[in-house]
Structure formats: C-alpha cells, structure tokens
Amino acid sequence: MGTSRYSCVAAAFAAFVLGAMPLAAKADTVIFQDGFEFGFQVLTPEITIAPGQQTVYCYFFHAPNASALGIRRWTSTIGAGMHHVILYASYTGGWIPSDVEPPGTLTASPCSSSGGAGDLAGWIYAAHDHVQELVVPDDDGMGIPLAATILAGQPLFLEMYVLNTTGFPVTTSALLKAEALAPQTPFTNTATYLTRKTNMSLGMGVVSVQDTCATPAGAKFWWLSTRTHHFAQMSKITNALADVVVSADWEHPAAATFAAPNFLQFGPGGLTYECTYDNNSGHPLHDGDNESSDENCIGIGYFFPAAHPALCVNNLGPL
C-alpha cells in the first residue's frame, strides 16, 4: 500500500520532479446512474510493458461527478503485468483540491514523487489482486452509513506498479469503479490516516524500524493495513502493545476490519507502526518510491468522523 504530493508531504520526503510523458492510448471516464447504481468508473490508458521492465506509472484524471458523492464501494480490475494500484486525491498543503498534472496525463516513474513542497496526497484505495473491492461499513454505530466523499471534479491519480516477468511485451490497463450512495442520502464521512517513516536508513541484514503517531481526535477505525516493498519480512500496527494487524506478505498485506459497535479507537499511547526488513541489496535502504531499490514503512487506516484525509510523517501528526 503508499504516498508526497504523491506519497505524503513532498518536503518531508525530499522528492524530485519528473516531467510528464503523455502516452497515446485509449482511456475513459464515465458516470453511471441507471436507476440502480450511482457513481463513476475510470479506465486507464493502455500501457505496453517491455520484457523485464518494472516501473511505476501514474494516471491523472478528474472525478466526473457534477456534485459531491459518498462512495460506499470501490472495485478494481487490473490487467496482466500490473502488480498493484493505489488511488490518491491530490491537494495543496491546506487540503484544498489541486491538480498536479493536467487530466488525462500518464507519467512514468517516479511519478509518486512529483509536485512541490507542501503538496499533499490523500490515499483512497489500493488493490493487489486481479479483481478486488473495498466495501465501506453501512453503519457508523448510530444507524447512519459511512461513505468516502469525492468532491465534484476532484483531482485524482492512480499509481500503477507494472512488472513484466515474461519474454514478450505485455499491454495492460486498470479499471476502477466507484459506487456511491444515492444523492441526498445522509452519511458520516470516512477518510484515511496514513503514517510513514521517512527518516530511516537500513543497513545490511535484518533491521527493524518503528515510530508512533497520535491519532485524530475522536477517531474510530474500521480498516487498518500496512505497506512496504519487497525487502520487508514483517509489518504491523499495534495499540497499547497489542497487535492490531501483522503482515508477513508485502505483496498481499494483511488487513484488520472492525464494525459497529466495535470500531477500534487507539489509546493515549497512539498508533505504533513497525517494519522488519532483510536488506540483501548491498547498499543502505532509504524511504522512497522505487519499488526495487527503496523501502517503505507505512501504516494506513480508514477512520471517522473525518473532514479530510490525515497524515503522520515519522511521529509528526496528524497533519
């Protein structure tokens, strides 16, 4: 799972800018509203991956809805050669929706480190399987559904890690679908809280890092997971020394879910996130967005009530 205007706070991540490289390919963004469903879907441009190639692409677009939607379900289908995808909303430092690239732009690695200091990216959804979904709870404990607000025309981007292990070119794309509550349906807004360890330098062998973040005031969590790259052996989130979620599979990180009336609230000690790595790379590993030569230690959770996504860099947060 991951983030700077692309990975969290760009200044904190020492990001650098890569020029956009538009690719001529078919893409589509549509609203559907057939009397049974409300929402939208996005089909990314096709990407052709050379044999042995691995890189990250980002596709930038605007949500096509003319008024705010409360998303109750995210579903995705990713093609062959696409390892995982992460959907973000982009903002200025004050959580004001803001474009990073013109809608319709497809950029290549390291697109998740583009943007200027103070820019923010709000994690929305991630998928690691060919077909995957995330369903938002339909009860906030008071009988009101939870939903994730997508503003009209919200600037979004889909980060796609592609990896071709075959001996021939592979053409791939991703289809993302957002199903919404019917207009005028009352709901409690939910958003993500992302914690990221940016000040790590991992020597050779088995190395562990951890940090602790305060959680947003009054936050109740219904989903928690982690994100790392391939050097990771274990990642976890703890609450008052008790494990909340532990994952030993970086490619398919474990997730913990909670429902009314047993949503998770972190104690005064905060949310502790920890990662253990086996560094056999021959060089120190640092936080970054290169899937093959950098690492991440990220905790990610959906909480409510939320005005907007929230971040914690190392132990500084929520921002």
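Values below: all heavy atoms of this structure, side chains included; hydrogens, waters and symmetry mates excluded. Computed from a predicted model, the values in this text were never measured in an experiment.
- N314 pairs in a side chain to side chain donor-acceptor pair (under 3.5 Å) with only one of the listed residues (D287, T212, T198), which is T198.
- The aromatic rings of F221 and F303 sit tilted relative to each other, their planes meeting at an angle between 30° and 60°.
- For the atom pair OG1 (T149) and CD (Q154), the distance works out to 10.0 Å, reported to the nearest 0.5 Å.
- Under the 3.5 Å distance criterion, with hydrogens and angles disregarded, no donor-acceptor pair is assigned to the side chains of H230 and E291.
- Judged by distance alone, the side chains of S98 and S90 never bring a donor and an acceptor atom under 3.5 Å apart.
- Between Y125 and I71 there is no side-chain heavy-atom pair separated by less than 4.5 Å.
- Using bins of under 30°, 30° to 60° and over 60° for the plane-to-plane angle, the ring pair H252/H128 lands in the tilted bin.
- In this structure, the separation between CG on L194 and CG on L120 is 11.5 Å, given to the nearest 0.5 Å.
- For the 3.5 Å distance criterion, the side chains of S247 and D249 fail to qualify, holding no donor opposite an acceptor.
- Classification of the Y59-F61 ring pair by plane angle, with boundaries at 30° and 60°, yields parallel.
- When only modelled atom types and interatomic distance are considered, D99 and H62 share a side-chain donor-acceptor pair under 3.5 Å.
- A distance below 6.0 Å separates the ring centres of F157 and F60.
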